[in-house]
Amino acid sequence: FIPHSVYEPRDINLRDTAYHKSYDRLNVEWWFFEGIFDNGYSIAFFILMLSKENTFYNEPLGSCALWLTLYKDTELKFFSIKEFPFENLTASEEFPFIKMSDDENSIFMRLDQEAYKNEQWIFNVSFTINDQETNLTSNLTFTGTTKGYAGEALGFWYGPILPKASVEGN
């Protein structure tokens with residue numbers, strides 16, 4: 001028997017969905033998005049960050065990555081994992097904003113703060129992936145249609161930002 005607490009989520013807030021710098025232990029965070037389009041294509045991707053403060057040098061250590069899958073109907077058309085140097089990360093600890101890039105690849109995610117003033121959760125996400133023969137660029141807008149929630153489970157915080165959203169873009 002493993003003792004555990006009951007997951008009791010609450011409404012999510014801006015800081016829940018922002019980047020969380022770790023000062024004492026390895027921190028794992030991810031932002032997951034998926035979209036199904038009218039033309040038979042679907043996309044699923046997530047931004048992953050592993051980070052820890054390096055107390056000896058007083059600088060953060062870590063790794064950032066974009067995992068991406070693209071399907072046409074049910075057939076996998078494209079899969080890629082792109083890692084980015086942690087020093088190329090720009091992120092906010094106050095609200096959802098992440099920017100990573102290298103010479104050929106990039107990911108940009110931010111919450112539309114004007115829409116948030118009207119209690120709307122709208123995320124703008126764009127990325128460029130150059131992967132051997134495939135060059136993929138996308139600009140997507142995810143508009144939440146339900147409220148996000150967060151809570152503690154087994155000593156970690158978990159919460160879907162947009163449990164359900166409409167997606168537009170290319």
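Quick caveat: nothing in here was measured; it's all calculated off a predicted structure. Along the sequence shown, residues carry numbers from 1. These values consider heavy atoms only, across backbone and side chains, with no hydrogens, waters or symmetry-generated copies.
One N or O on the side chain of His20 and one on the backbone of Arg15 form a donor-acceptor pair closer than 3.5 Å. Side-chain atoms of Glu29 never come within 3.5 Å of backbone atoms of Tyr19 as a donor-acceptor pair (strictly under, hydrogens ignored). Put simply, the side chain of Ser63 never gets that close to the backbone of Leu50: no donor and acceptor are under 3.5 Å apart. Formation of a donor-acceptor pair under 3.5 Å by the Asp16 side chain with backbone atoms of Asn13 is found in this model. Looking only at distances, no side-chain donor or acceptor of Trp121 sits under 3.5 Å from a matching main-chain atom of Leu111. Not one N or O on the side chain of Thr128 forms a donor-acceptor pair closer than 3.5 Å with the backbone of Asn105. The backbone N or O of Gln120 lies less than 3.5 Å from no partner atom in the side chain of Asn118, so there is not a single donor-acceptor pair. No donor-acceptor pair under 3.5 Å is formed between the side chain of Ser80 and the backbone N or O of Leu68. Distance alone, capped at 3.5 Å, places no donor-acceptor pair between the Lys147 side chain and the Pro163 backbone. Checked by atom type and distance alone, the side chain of Asp112 never pairs as donor or acceptor with a backbone atom of Ile122 at under 3.5 Å.
Taking each heavy atom of Ser101 and Ser106 in turn, the nearest pair found is CB-CB, 3.9 Å. Minimum interatomic distance between Phe84 and Ala65 (heavy atoms only, all atoms of both residues): CD1-CA, 4.4 Å. Here the closest heavy-atom approach between residue Thr146 and residue Lys164 is recorded as OG1-N, 3.2 Å.
Listed by chain and residue number, nothing satisfies the side-chain hydrogen bond (donor to acceptor under 3.5 Å, both in side chains) test with Asn88 (two or more places apart in sequence, or in another chain).
Lys77 has a carboxylate O that lies under 4.0 Å from a charged side-chain N of Glu75, or vice versa, which qualifies the two as a salt bridge.
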From CA spacing to verdict: ring pair (Phe, Tyr, Trp, His ring centres under 6.0 Å), Phe97, Phe108: CA-CA 8 Å; Phe97 174 88; Phe108 177 76; 5.5 Å; yes

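Proximity of the aromatic rings of Phe95 and Tyr116 is defined here by a centroid distance below 6.0 angstrom, and this criterion is not met.
Taking a 6.0 Å sphere around CD1 of Ile36, one finds it holds 12 or fewer heavy atoms contributed by other residues, nucleotides or ligands.
Between Phe33 and Phe142, the ring-plane angle classifies as tilted under the 30° and 60° cut-offs.
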